[in-house]
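Note that the coordinates shown come from a computational prediction; the quantities given were computed from them, not determined experimentally. Residue numbering restarts at 1 for every chain, and letters A, B, ... go by the order of the sequence lines.
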Amino acid sequence: MRWSKAFIPTLKEDPSEAEMVSHKLMLRSGMVRQLTAGVYEYLPLGWKVLLKVTAIVREEMDRAGAQELYLPALCPAEIWQETGRWTDFGDEMFRLKDRKQRDYALCPTHEEVITDLARAQKLSYRDLPQNWYQIQVKFRDEPRPRSGVLRVRHFIMKDAYSMDRDQAGLDASYLAMKEAYVRIFTRCGLKFFIVGASSGLMGGSGSQEFMVASPSGEDSCAVCQACGYAANSEVACSKPAAPVYQDGPLEEVSTPEKRTVEEVAAFLKVPRSQLMKSLLYMADGQPVFVLIRGDDELNESKLQTALGTAAFRPATPEEVQKATGASVGFISPVRISGVRIIADRLLQNAAGLVSGANKDQHHLRNIFVGRDLKVDCFFDLRSVKNGEPCPTCGQPLALTQAIELGHIFKLGTKYSQSLNATFTDEDGIEKPLIMGSYGIGIERIAACVIEQSHDKDGIVWPLALAPYQVVVSALNVNNPEIMKAAEGLYAELAGARIDVLLDDRDQRPGFKFKDADLIGIPLRVTVGEKGLAEGVVEIKRRGGETVKLPPAQAKQKVQELLSVELFPGK
RNA sequence: CGGGGCGUGGCGCAGUUGGUAGCGCGCUUGCUUUGGGAGCAAGAAGCCCCCAGUUCGAGUCUGGGCGCCCCGACCA
């Protein structure tokens with residue numbers, strides 16, 4: 001490609017809407033432009049990078065035995081209604097009607113479609129296992145798109161779905177995908193880690209996420225350096241020290257206008273850990289008390305698992321009044337009957353607690369959980385805090401912000417059962433397919449690589465993802481000698497099937513260097529008057545050292561540098 | 001959905017007590033220049049987010065919308 005003909009609209013200044021480095025650099029390097037909130041256009045340079053990413057993904061998925069197919073993004077409501085997710089997805093699903101007023105969705109994910117495909121095939125155990133994948137656009141009406149290409153409403157995903165006859169088969173399929181993911185992210189040059197994760201709306205028995213540490217990440221992960229325990233905070237647990245409780249007679253105390261944990265603890269001169277937060281939630285339309293220690297934070301992901309439903313929310317002040325007779329801040333399950341009570345495990349056998357008296361401006365002291373209220377069930381409901389002991393080895397856990405790049409799920413039979421997707425086993429009996437699902441955010445890979453690999457001048461692409469591997473900079477297009485040498489090299493490199501860009505723009509050298517650095521091309525071959533006077537061209541690694549050598553040897557040297565970088569360690 | 005910020009040439013921004021819009025970058029043309037985002041000269045390019053008001057007169061004041069960004073909530 002000749003730069004003079006290429007559409008690479010670079011920007012000298014940072015666009016004001018961008019906050020993250022990757023966002024700024026993607027805009028400045030002319031990779032992407034925003035069309036509207038959470039919707040991006042990929043310009044030629046950005047698209048080339050995505051093509052490099054998807055090529056790696058395809059190679060590794062194929063190597064792992066998966067087969068590529070292509071499913072529609074437009075999908076009728078019926079199959080979503082069959083699994084219940086027409087409702088579960090709520091506002092996050094883009095919905096539309098056709099001319100006959102039939103409901104459709106723009107698919108946010110494809111379990112329903114793939115399962116529908118599988119059930120129509122009347123599979124035999126002989127056909128199994130199967131693993132089908134696609135690289136395709138997904139639509140999600142995010143409440144708040146942000147961070148450039150990281151959280152968007154329209155994005156490309158590689159999604160794969162495995163079908164097995166039994167759990168052992170699923171385990172093998174899952175492991176194969178996990179290994180493929182490790183290879184994919186490694187080849188993309190990413191530093192990543194794997195955490196145990198919540199299955200959320202997807203359902204199923206277990207899942208893991210592939211994470212890249214980043215202060216801008218939206219997920220928090222608890223990681224143990226000592227034993228390797230790593231989990232998303234949605235599911236992470238810890239072994240906090242067992243508190244010592246002092247028992248005493250239940251008593252009511254006046255606490256005028258003291259509503260929050262801080263206010264009450266300060267007023268009564270007790271540590272926050274001695275308070276019991278009594279939260280009233282509405283779950284599937286029924287009130288439920290959720291109890292947690294005063295110094296802990298309720299983890300809503302864990303609460304969802306405990307409640308077994310996603311349809312829950314904090315009760316309104318009116319609902320609180322109706323259930324307890326008091327206002328928010330002065331309630332507890334003590335002396336309340338007919339309301340389900342769930343509590344964090346740390347409150348098991350807890351005594352001497354302070355919580356609301358169900359009477360405005362009053363609290364209770366010395367609440368003894370075993371005596372004064374009856375908890376229906378204890379769960380782990382609290383969020384892990386930085387530095388708490390690891391649940392497996394006891395060493396301190398570190399909380400790290402991270403970006404989710406991929407997520408793999410053991411779905412089991414959630415979709416095959418609700419959609420009746422079965423196979424016929426050896427014994428002639430139809431059984432539900434045991435399924436797994438595996439996703440990778442394609443754009444996120446590109447953004448995370450930029451986050452991890454850039455300097456003050458711009459992107460530093462690893463060779464595997466670079467839109468061009470080499471740029472030949474002809475420093476003065478009005479000098480025939482330079483142009484002859486540059487054109488010659490360009491033709492030679494292109495002929496060797498190297499992705500090469502010829503900077504033949506009528507610009508000053510500094511301008512060209514800045515641009516080349518900005519878009520992050522790994523190797524730059526500089527053809528200028530200075531060099532030619534000595535009979536050499538210069539080959540410079542992005543952000544690295546320069547070698548000078550005669551033009552005739554340049555191609556070989558470039559190939560050498562490229563092959564070293566493409567197969568690191570070999 | 002709560003809180004905050006911002007909408008003015010393609011991009012980054014300025015615009016005073018209300019008086020008919022400007023700077024830098026980019027773009028076009030010419031000349032000079034050519035090793036880290038050149039200089040000079042001449043140009044083109046603006047429904048000042050939209051709609052209503054107030055006013056002789058609104059980018060500026062008032063009201064109502066819409067859009068975008070950030071924080072939180074939410075979220076494979």
* To do: With sequence neighbours excluded, tell me which residues meet ring-ring contact (aromatic ring centres under 6.0 Å, His included) with A/His154.
  => A/Phe139

* Can you tell me the distance, in whole Å, between the NZ atom of A/Lys302 and the P atom of B/C75? => 15 Å

* Asked: What string of B, S and - do you get for nucleotides 32-40 of chain B, 5' to 3', when a contact is any protein heavy atom under 4.0 Å?
  -> -BBBBBB--

* Base, sugar-phosphate, or nothing for A/Pro9, non-hydrogen atoms under 4.0 angstrom? -> nothing

* Can you check the A/Met93 CE to B/C75 C1' distance for me, whole Å? -> 15 Å

* To do: List for me each residue that meets salt bridge (charged side-chain N to carboxylate O under 4.0 Å, His left out) alongside A/Asp457, sequence neighbours excluded, and say none if there are none.
  => A/Lys514

* Say whether A/Asp219 and A/Gln401, considering side chains only, have a donor N or O and an acceptor N or O under 3.5 Å apart. => no

* **Rounded distance in Å - CG (A/Leu150) to P (B/C75)** => 19 Å

Report, one pair per line, the protein and nucleotides 8-10 of chain B atoms (nitrogen or oxygen only) whose separation is under 3.5 Å.
none

* Rounded interatomic separation in angstrom, taking CZ from A/Phe89 and C1' from B/C75 -> 10 Å

* Represent RNA chain B in dot-bracket notation, 5' to 3'. Only Watson-Crick or G-U wobble pairs with both distances under 3.5 Å count; pseudoknot-style crossings use [ ] and interstrand partners use |. => (((((((..((((.....[..)))).((((((.....)))))).....(((((..]....))))))))))))....

* To do: Quick one: sort the A/Tyr438 and A/Tyr174 rings into parallel, tilted or perpendicular, breaks at 30° and 60°.
  => tilted

* For the residue pair A/Tyr181 and A/Phe185, categorise the inter-ring angle as parallel (less than 30°), tilted (30 to 60°) or perpendicular (more than 60°). => perpendicular

* To do: Rounded off to whole Å, could you give me the CZ-to-C1' distance for the A/Phe139 and B/C75 pair?
  => 18 Å

Kindly give the atom pairs (protein nitrogen or oxygen, nucleotide nitrogen or oxygen) under 3.5 Å for nucleotides 68-70 of chain B.
from  : atom 1 : to      : atom 2 : distance (Å)
B/C68 : OP1    : A/Thr36 : OG1    : 2.6
B/C68 : OP1    : A/Ala37 : N      : 2.9
B/C68 : O3'    : A/Gln34 : OE1    : 3.4
B/C69 : OP1    : A/Gln34 : NE2    : 3.0
B/C69 : O3'    : A/Glu17 : O      : 3.4

